[in-house]
Amino acid sequence: MYETGLKSTLNLCPTEQLKQEAMSLPIAEKVLLAQALWESINAGLVDADEKAALREAAQRDQELSSSGTISGRTHEEVMQAARRVLGCD
C-alpha cells in the first residue's frame with residue numbers, strides 16, 4: 001500500500017505533494033500550519049506607501065472595468081498559467 005502511494009506522489013509537483021500531505025493533517029495541525037504560512041507571507045511583504053498602493057489599485061480597477069484595454073482572467077486560467085510556469089502541468 002505504501003509503495004503504491006509513494007509511486008503516485010513521485011509524479012506530483014512538490015507543491016501538490018505538500019498540499020496533499022497538509023490536507024491529511026488533523027484540523028488542529030492544519031490551523032497551525034495555515035497560521036505559520038500566513039505569517040510568513042506577511043513577513044515577506046514589502047511595506048508600501050499606502051497612497052501609492054491605493055492609486056495603483058484604482059488605476060487597475062479603471063483598466064479592468066471601463067477602459068476595455070485590459071481583460072481579466074478566471075481563477076482557473078491563472079492557476080493553469082501558474083502550473084505551466086512551475087512545470088506542474
Side-chain angles (χ1 to χ4, degrees):
M1 182 170 113
Y2 176 74
E3 189 173 322
T4 303
L6 179 61
K7 286 180 183 176
S8 66
T9 58
L10 291 176
N11 296 327
L12 294 175
C13 175
T15 303
E16 285 298 316
Q17 183 178 351
L18 282 172
K19 186 171 96 175
Q20 281 188 357
E21 291 175 16
M23 296 304 267
S24 69
L25 292 172
I27 188 69
E29 290 184 37
K30 285 180 187 177
V31 170
L32 291 173
L33 178 59
Q35 288 173 332
L37 289 169
W38 187 254
E39 288 171 10
S40 73
I41 290 170
N42 285 337
L45 295 176
V46 177
D47 288 333
D49 175 32
E50 189 173 341
K51 288 184 181 183
L54 290 173
R55 280 193 302 272
E56 179 73 17
Q59 177 184 343
R60 289 182 183 200
D61 180 58
Q62 173 70 25
E63 291 170 346
L64 282 168
S65 60
S66 61
S67 71
T69 58
I70 295 177
S71 62
R73 295 189 291 175
T74 66
H75 176 263
E76 185 57 34
E77 290 170 331
V78 171
M79 295 307 294
Q80 285 176 353
R83 284 191 287 275
R84 272 194 307 277
V85 168
L86 294 172
C88 297
D89 53 347

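Sequence positions, counted from 1, serve as the residue numbers for this chain.
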So which heavy atom on Gly72 is nearest to which on Leu64, and how close?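 Closest pair (atom of Gly72, atom of Leu64, distance): N-CD2, 3.6 Å.
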- Query: Could you give the distance from OG1 (Thr15) to CZ (Arg83), rounded to the nearest 0.5 Å?
  - Reply: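 Reported to 0.5 Å precision, the distance equals 11.0 Å.
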### Val31 vs Gln35 side-chain heavy atoms within contact, under 4.5 Å
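When only atoms from C-beta onward are counted, Gln35 and Val31 do touch, with a gap below 4.5 Å.
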* To do: Could you pull out all residues at least two apart from Ala81 that satisfy side chain to side chain contact (heavy atoms under 4.5 Å, CB included)?
  =>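 Result, side chain to side chain contact (heavy atoms under 4.5 Å, CB included) vs Ala81: Arg73, Arg84.
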* Should Leu18 and Leu86 be regarded as members of a common hydrophobic cluster, given that ILVMFWY residues are connected when their side-chain heavy atoms come within less than 4.5 Å of each other, either directly or indirectly? ->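 Leu18 does not cluster with Leu86.
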Going by atom types alone, do [X] and [Y] pair a side-chain donor with an acceptor below 3.5 Å?
{"X": "Glu63", "Y": "Gln59", "value": "yes"}
{"X": "Gln17", "Y": "Glu21", "value": "yes"}
{"X": "Ser66", "Y": "Gln62", "value": "yes"}

Residues in side chain to side chain donor-acceptor pair (under 3.5 Å) contact with Arg60, at least two apart in sequence or another chain:
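Applying side chain to side chain donor-acceptor pair (under 3.5 Å) to Arg60 gives Glu56.
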Over 12 foreign heavy atoms within 6.0 Å of NZ, Lys30:
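Yes.
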- Mark yes or no for whether Glu16, through its side chain, and Cys13, through its backbone, hold a donor-acceptor pair below 3.5 Å.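 Not a single qualifying donor-acceptor pair exists.
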